[in-house]
Amino acid sequence: MKSAPSEPHTLSILVDNEAGVLARIVGLFSARGYNIESLTVADVSSDHAVSRITVVTSGPPAVIEQIMAQLDRLVPVHRVLDLTALGPHVEREMALVKVAGSGDKRVEALRLADIFRARPVDTTTGSFVFEISGSTAKVQSFIDLMREVGLVEVARTGVVAISRGAAAV
């Protein structure tokens with residue numbers, strides 16, 4: 001019997017904003033051998049009572065459903081949504097990319113940054129730090145191209161995502 005293909009899914013999890021919640025969520029993934037490809041967390045309520053955890057994980061539909069069911073059973077979890085399965089949503093990632101070089105390499109780094117709409121946020125005579133945001137694929141493409149002109153270091157935020165339309169999570 002052929003197994004279902006593994007594909008990335010972006011999960012949005014609303015939780016109580018309290019100590020230990022993130023550890024419980026990550027522990028659930030770890031204990032069951034599920035991989036977390038990206039993880040972001042932020043307070044999303046005016047009274048600081050609720051946080052949104054955005055997790056990108058991969059697996060066939062049955063595994064994703066199992067992950068969601070297990071997350072939903074955790075006490076501090078208010079809601080779990082698979083944004084990928086729900087349809088249209090917006091995903092973005094931000095990265096800081098440090099590139100060192102001189103002469104033609106420096107000019108090429110600036111040219112590529114302009115094409116990708118990355119902006120320099122720090123400049124020295126020997127290096128740049130670029131800020132880029134967009135889809136994970138766009139950010140990765142920019143990083144891959146910067147390897148050829150003097151990539152030194154990368155810091156990435158991970159994926160943040162929200163559903164399209166007027167309805168809230």
Side-chain angles (χ1 to χ4, degrees), residues 1-99 116 118 129-148 151-169:
M1 181 175 192
K2 190 175 180 181
S3 64
S6 181
E7 56 186 38
H9 283 258
T10 302
L11 306 180
S12 182
I13 309 160
L14 291 179
V15 298
D16 288 337
N17 187 12
E18 58 186 38
V21 173
L22 180 60
R24 291 179 68 190
I25 301 285
V26 170
L28 183 147
F29 278 81
S30 176
R32 289 156 182 82
Y34 305 140
N35 189 40
I36 294 175
E37 296 170 18
S38 173
L39 173 73
T40 59
V41 183
D43 175 9
V44 294
S45 60
S46 59
D47 62 358
H48 306 292
V50 178
S51 288
R52 178 190 298 245
I53 299 174
T54 305
V55 176
V56 178
T57 189
S58 289
V63 169
I64 301 300
E65 287 176 27
Q66 183 180 25
I67 290 170
M68 290 178 59
Q70 291 169 347
L71 285 169
D72 218 14
R73 285 196 287 273
L74 291 178
V75 170
V77 172
H78 296 277
R79 191 159 188 204
V80 181
L81 292 174
D82 180 353
L83 294 175
T84 305
L86 288 176
H89 64 284
V90 178
E91 288 188 12
R92 291 293 180 264
E93 183 174 2
M94 195 271 293
L96 296 174
V97 180
K98 187 186 297 182
V99 179
F116 278 83
V129 174
F130 295 106
E131 176 186 303
I132 184 168
S133 65
S135 69
T136 298
K138 175 187 173 183
V139 171
Q140 188 60 52
S141 293
F142 180 71
I143 292 167
D144 292 343
L145 288 170
M146 287 295 134
R147 288 185 202 291
E148 301 188 21
L151 180 71
V152 174
E153 188 175 12
V154 176
R156 293 174 85 156
T157 60
V159 172
V160 292
I162 197 164
S163 62
R164 292 189 65 210
V169 182

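Quick note: residue numbers are just sequence positions, from 1. Just so we're clear, the structure is a prediction, and the values are computed from it rather than from any experiment.
L71 places none of its side-chain heavy atoms less than 4.5 Å from the side chain of V55. In this structure, M146 and I143 have side chains that are not in contact, with every pair of non-hydrogen atoms separated by 4.5 Å or more. F130 is not listed as a side-chain neighbour of F116, based on a closest heavy-atom distance of 4.5 Å or more. Within the 4.5 Å cutoff, side-chain heavy atoms of V77 are placed close to those of I25.
Side chain of T10 to main chain of T84: no donor-acceptor pair is present (N/O by atom type, distance under 3.5 Å, no hydrogens or angles). Listed for the T40 side chain is no donor-acceptor partner under 3.5 Å among the backbone atoms of V160. Listed for the T57 side chain is a donor-acceptor partner under 3.5 Å among the backbone atoms of N35. The backbone N or O of D43 lies less than 3.5 Å from no partner atom in the side chain of N17, so there is not a single donor-acceptor pair.
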Checking I64 against L11 for the side-chain contact (heavy atoms from CB on, under 4.5 Å) test, could you report, in this order, the C-alpha distance in whole Å, the side-chain angles of both residues, the deciding distance, and whether it holds? CA-CA 9 Å; I64 301 300; L11 306 180; 4.3 Å; yes

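Atom CD of E7 sits in a crowded spot, with more than 12 heavy atoms from other residues, nucleotides or ligands closer than 6.0 Å. Residue K98 qualifies as open at atom NZ: its count of foreign heavy atoms under 6.0 Å is 12 or below.
Considering all non-hydrogen atoms of both residues, P76 and E18 come closest at CB-OE2, 4.2 Å. R79 and A168 make their closest contact through NH1-O, 4.1 Å (heavy atoms, listed as atom of the first residue, atom of the second, distance). Across V41 and S51, no two heavy atoms sit closer than the pair CG1-CB, 4.3 Å. In terms of heavy-atom proximity, V139 sits nearest to E93 at CG2-O, 3.7 Å. Across every non-hydrogen atom of I162 and L83, the tightest pair is N-CD1, 4.1 Å. Closest approach of D16 to V21, counting heavy atoms only: O-CG2, 3.5 Å.
In this structure, CD in E65 is found 9.0 Å from NE2 in H9, a value given to the nearest 0.5 Å. To the nearest 0.5 angstrom, L28 atom CG is 8.0 Å from I67 atom CD1. Note that CD1 of I13 is 8.0 Å distant from OG1 of T54, once rounded to the nearest 0.5 Å.
Counting only N and O atoms by type, the side chains of E91 and T136 include no donor and acceptor under 3.5 Å apart.
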